[in-house]
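Beneath this line is the structure, given in structure tokens, with notes to follow.
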Amino acid sequence: PIIRKIAESRKSYEIEELRIQTHHTADRESQIKKAARKIGKRVRSLLTSAMQSADLCPSTIRDVCHFLKMEAATKFVEGAGRLQDNRPGREVVGAILFLRFICPAIIMPESINISCTPTPAGRRGLVLVAKVPQPHANSTPLAGYHHLPARGQNPHHH
């Protein structure tokens with residue numbers, strides 16, 4: 001329902017100044033702030049939904065994720081053989097899941113059999129919503145999108 005709501009929206013999610021059709025700076029800034037809040041709300045809903053349905057993920061995928069997490073963790077050993085923390089493993093798994101599965105599904109819901117007909121504004125909204133979780137999963141900054149939720153504002157980032 002969240003992806004369909006974004007896809008079928010006729011309201012703008014636009015946050016890039018050059019794409020906003022207004023000549024008034026105050027109107028542009030207001031639209032960007034409003035869109036950024038809307039994107040943040042949709043991202044939180046999507047992440048909450050994903051976290052709540054993690055146990056529905058096929059066991060094969062969970063097994064692969066566990067293996068990747070353990071392998072990544074062994075590559076980042078500190079001092080006398082102690083693991084620094086679980087961060088490297090989480091980052092690898094998060095990056096793979098978001099980059100290869102979740103973000104493409106958000107951008108192209110038709111590819112995972114979500115029946116919807118994205119509007120142009122909705123398609124752009126899907127792209128912008130998909131841009132937020134990926135850098136969080138990679139532990140990289142979201143360059144050029146300072147209006148979007150920062151790492152400390154993401155309730156699912158550890």
Side-chain angles (χ1 to χ4, degrees), residues 1-9 11-16 32 35-158:
I2 300 164
I3 291 177
R4 188 175 294 119
K5 183 175 185 171
I6 298 166
E8 294 175 349
S9 175
K11 294 186 178 179
S12 176
Y13 281 79
E14 193 54 65
I15 56 168
E16 290 185 19
I32 289 170
R37 282 192 303 272
K38 187 167 38 170
I39 290 169
K41 181 178 177 183
R42 298 294 182 258
V43 168
R44 282 187 295 279
S45 294
L46 281 169
L47 291 176
T48 298
S49 178
M51 298 297 285
Q52 290 174 345
S53 59
D55 55 338
L56 298 176
C57 183
S59 62
T60 305
I61 292 176
R62 285 194 308 242
D63 291 345
V64 169
C65 289
H66 178 74
F67 173 79
L68 290 170
K69 180 180 175 183
M70 294 297 108
E71 284 298 306
T74 62
K75 303 293 182 202
F76 298 93
V77 177
E78 176 185 56
R82 288 189 342 257
L83 290 176
Q84 294 174 346
D85 57 24
N86 253 340
R87 191 176 325 153
R90 285 195 318 260
E91 288 176 1
V92 167
V93 171
I96 290 170
L97 286 176
F98 278 95
L99 180 62
R100 298 293 176 206
F101 298 104
I102 296 172
C103 289
I106 292 170
I107 293 170
M108 294 290 296
E110 309 90 330
S111 70
I112 58 166
N113 298 322
I114 293 178
S115 62
C116 63
T117 306
T119 64
R123 179 71 71 195
R124 180 70 178 147
L126 292 169
V127 169
L128 291 169
V129 165
K131 284 184 175 188
V132 175
Q134 184 59 46
H136 289 291
N138 284 335
S139 293
T140 58
L142 185 57
Y145 294 95
H146 61 278
H147 297 289
L148 293 178
R151 175 165 305 175
Q153 296 170 322
N154 179 351
H156 298 292
H157 190 272
H158 302 283

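Source: prediction; values computed, not measured.
- Here the closest heavy-atom approach between residue Glu14 and residue Glu16 is recorded as OE2-N, 2.9 Å.
- Proximity of a side-chain donor or acceptor of Arg62 to a complementary backbone N or O of Asp55 within less than 3.5 Å is detected.
- Taking the side chain as every heavy atom from C-beta outward, Met70 and His66 approach each other to under 4.5 Å.
- Although no hydrogens or angles enter the test, the distance criterion places a donor-acceptor pair under 3.5 Å between the side chain of Thr48 and the main chain of Arg44.
- Rounding to the nearest 0.5 angstrom, the gap separating the CD1 atom in Ile96 from the CG atom in Leu68 is 4.5 Å.
- Between Ile39 and Val132, the closest heavy-atom pair is CG2-CG2, 3.8 Å.
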Could you pull out all donor-acceptor pairs under 3.5 Å where a side-chain atom in residues 97-122 meets a protein atom, sequence neighbours excluded?
residue : atom : partner : partner atom : Å
Glu110  : OE1  : Arg123  : NH1          : 3.4
Glu110  : OE2  : Arg123  : NH2          : 2.6
Ser111  : OG   : Met108  : O            : 2.6
Thr119  : OG1  : Ser9    : O            : 2.4
Thr119  : OG1  : Gly122  : N            : 2.8

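- One distance of note links CD1 of Ile6 with NZ of Lys38; it measures 9.5 Å at 0.5 Å rounding.
- From Leu47, atom CG reaches atom CD1 of Ile2 across 9.5 Å, with rounding to the nearest 0.5 Å.
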